[in-house]
Amino acid sequence: MYLLSFFIVLLVSFYTIAVPIGVTGNWDYVFYYFDLGSFVLLILLCVPILIGSGLFWDFNNAFRLAIRTKEKVEERNEKEDKNEKRKVKKRKEVSLLEIKHAIEAVSLVRKVLITGGIFLVLLTLVEVFSYLIPGSEEGFGPNLSITILPLLYAFAIDLFLLPVEARLKVRQNNMIHQ
């Protein structure tokens, strides 16, 4: 289901990019959506905060915990019991504390992305307005579109993290009510 939501977000994104191309026939619109610098700046904001809070590895584990279910772990352990001759390490059961840490890490990344996206937009708006010469507004549109890209990227990544956080919360509730 997570892959389906990922696919739908990509499909909607490609559709919104393809409409101006279909109307005008100009492929230059595609390049308005890509700015490597904005994406790198968002990552550079997230990684140190995750490391500083001690949740970097928990964020990494969040994807593993969200995708793998308890039934899959038990099924794999049963297969490993049957194949005892191969020395394969059994996967341990996931603790409630690990899930809580993963939820906290994903929640922190979502908050940092949105806050960092707004911060980068405001920072680059100051730059765009400082270089704006009265009477020459033809460059304002492209510069403004690049200014908004960090926030667009932040919301796009946030859309991918929403199902991860939801699955972790459901898994946490299931563990509590067992």
Side-chain angles (χ1 to χ4, degrees), residues 1-18 33-123 148-178:
M1 205 60 173
Y2 178 71
L3 291 175
L4 180 64
S5 65
F6 179 77
F7 178 71
I8 289 173
V9 168
L10 282 178
L11 188 66
V12 169
S13 300
F14 288 137
Y15 178 75
T16 57
I17 293 172
Y33 291 96
F34 299 108
D35 182 29
L36 186 62
S38 299
F39 186 74
V40 169
L41 286 174
L42 278 174
I43 300 301
L44 286 176
L45 283 173
C46 284
V47 171
I49 291 175
L50 275 174
I51 292 172
S53 65
L55 294 172
F56 184 76
W57 294 112
D58 295 316
F59 180 70
N60 185 29
N61 289 337
F63 296 98
R64 175 183 57 88
L65 296 173
I67 293 172
R68 188 180 324 143
T69 61
K70 185 177 179 181
E71 294 81 24
K72 288 182 183 177
V73 171
E74 289 173 356
E75 193 176 292
R76 179 185 165 113
N77 287 342
E78 287 174 11
K79 286 180 184 177
E80 289 170 357
D81 286 339
K82 291 177 184 176
N83 300 330
E84 193 73 28
K85 56 186 170 186
R86 288 191 310 168
K87 301 250 176 169
V88 179
K89 192 189 322 182
K90 284 188 178 182
R91 293 186 180 179
K92 63 178 182 173
E93 292 293 321
V94 177
S95 70
L96 186 60
L97 187 62
E98 282 180 301
I99 292 176
K100 285 183 179 182
H101 279 266
I103 291 170
E104 189 62 34
V106 172
S107 176
L108 177 67
V109 169
R110 289 183 58 221
K111 291 173 188 172
V112 168
L113 282 172
I114 301 303
T115 307
I118 293 170
F119 172 72
L120 290 173
V121 165
L122 293 176
L123 191 67
I148 297 172
L149 283 179
L151 194 57
L152 176 72
Y153 293 160
F155 281 127
I157 297 170
D158 190 43
L159 279 174
F160 294 125
L161 292 177
L162 275 172
V164 172
E165 187 176 13
R167 290 203 51 178
L168 288 170
K169 286 181 179 179
V170 166
R171 192 163 181 190
Q172 177 188 16
N173 289 338
N174 289 343
M175 288 183 78
I176 290 172
H177 296 297
Q178 281 184 350

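Side chains are part of it too, since the values below use all heavy atoms of this structure and drop only hydrogens, waters and symmetry mates.
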Kindly list each side-chain donor-acceptor pair under 3.5 angstrom involving residues 156-164, sequence neighbours excluded, with atom names and distances?
residue	atom	partner	partner atom	Å
Asp158	OD1	Arg110	NE	2.5

For [X] against [Y], the heavy-atom pair lying closest together:
X: Gly117; Y: Leu42; result: N-CD2, 3.8 Å
X: Leu168; Y: Ala66; result: CD2-N, 3.9 Å
X: Val94; Y: Arg171; result: CG2-NH2, 3.6 Å

Handout entry: Contact list for residues 43-52, test side chain to side chain donor-acceptor pair (under 3.5 Å), sequence neighbours left out
Key =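 Listed by first then second residue: nothing to list.
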
Side-chain donor-acceptor distances from residues 47-62 under 3.5 Å, at least two apart:
residue	atom	partner	partner atom	Å
Ser53	OG	Ile49	O	3.0
Ser53	OG	Leu50	O	3.1
Asn61	ND2	Trp57	O	3.3

Practice task
Report the distance from atom CZ of Arg167 to atom CD1 of Ile67, rounding to the nearest 0.5 Å.
Solution key: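 With rounding to 0.5 Å, CZ (Arg167) is 7.5 Å from CD1 (Ile67).
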
Handout entry: Rounded distance (nearest 0.5 Å) linking atom CD of Glu104 with atom CG of Leu108
Key =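 Taking CD in Glu104 and CG in Leu108, the distance rounds to 7.0 Å.
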
Exercise for the section: Apply ring-ring contact (aromatic ring centres under 6.0 Å, His included) to Phe119 and list each qualifying residue two or more places apart in sequence or on a separate chain. Expected result: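 Partners of Phe119 under the ring-ring contact (aromatic ring centres under 6.0 Å, His included) test: none.
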
Problem - Side chain proximity check, Leu120 to Leu151, heavy atoms < 4.5 angstrom - result: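 No, too far: nothing below the 4.5 Å cut-off.
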
Handout entry: Qualifying salt bridge (charged side-chain N to carboxylate O under 4.0 Å, His left out) pairs, either residue in residues 45-55, two or more places apart
Key =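 Not a single pair qualifies under salt bridge (charged side-chain N to carboxylate O under 4.0 Å, His left out).
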
By side chain to side chain contact (heavy atoms under 4.5 Å, CB included) - contacts of [X] (at least two apart):
X: Leu36; result: Val40
X: Gln172; result: Leu96, Ile99, Lys100, Ile103, Ile176
X: Leu149; result: Asp35, Ser38, Leu152, Tyr153

Practice task
With sequence neighbours left out, write down each residue that passes salt bridge (Lys or Arg N to Asp or Glu O under 4.0 Å) with Lys111, or none if nothing qualifies.
Solution key: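 With sequence neighbours excluded, Lys111 shows a salt bridge (Lys or Arg N to Asp or Glu O under 4.0 Å) to no residue whatsoever.
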
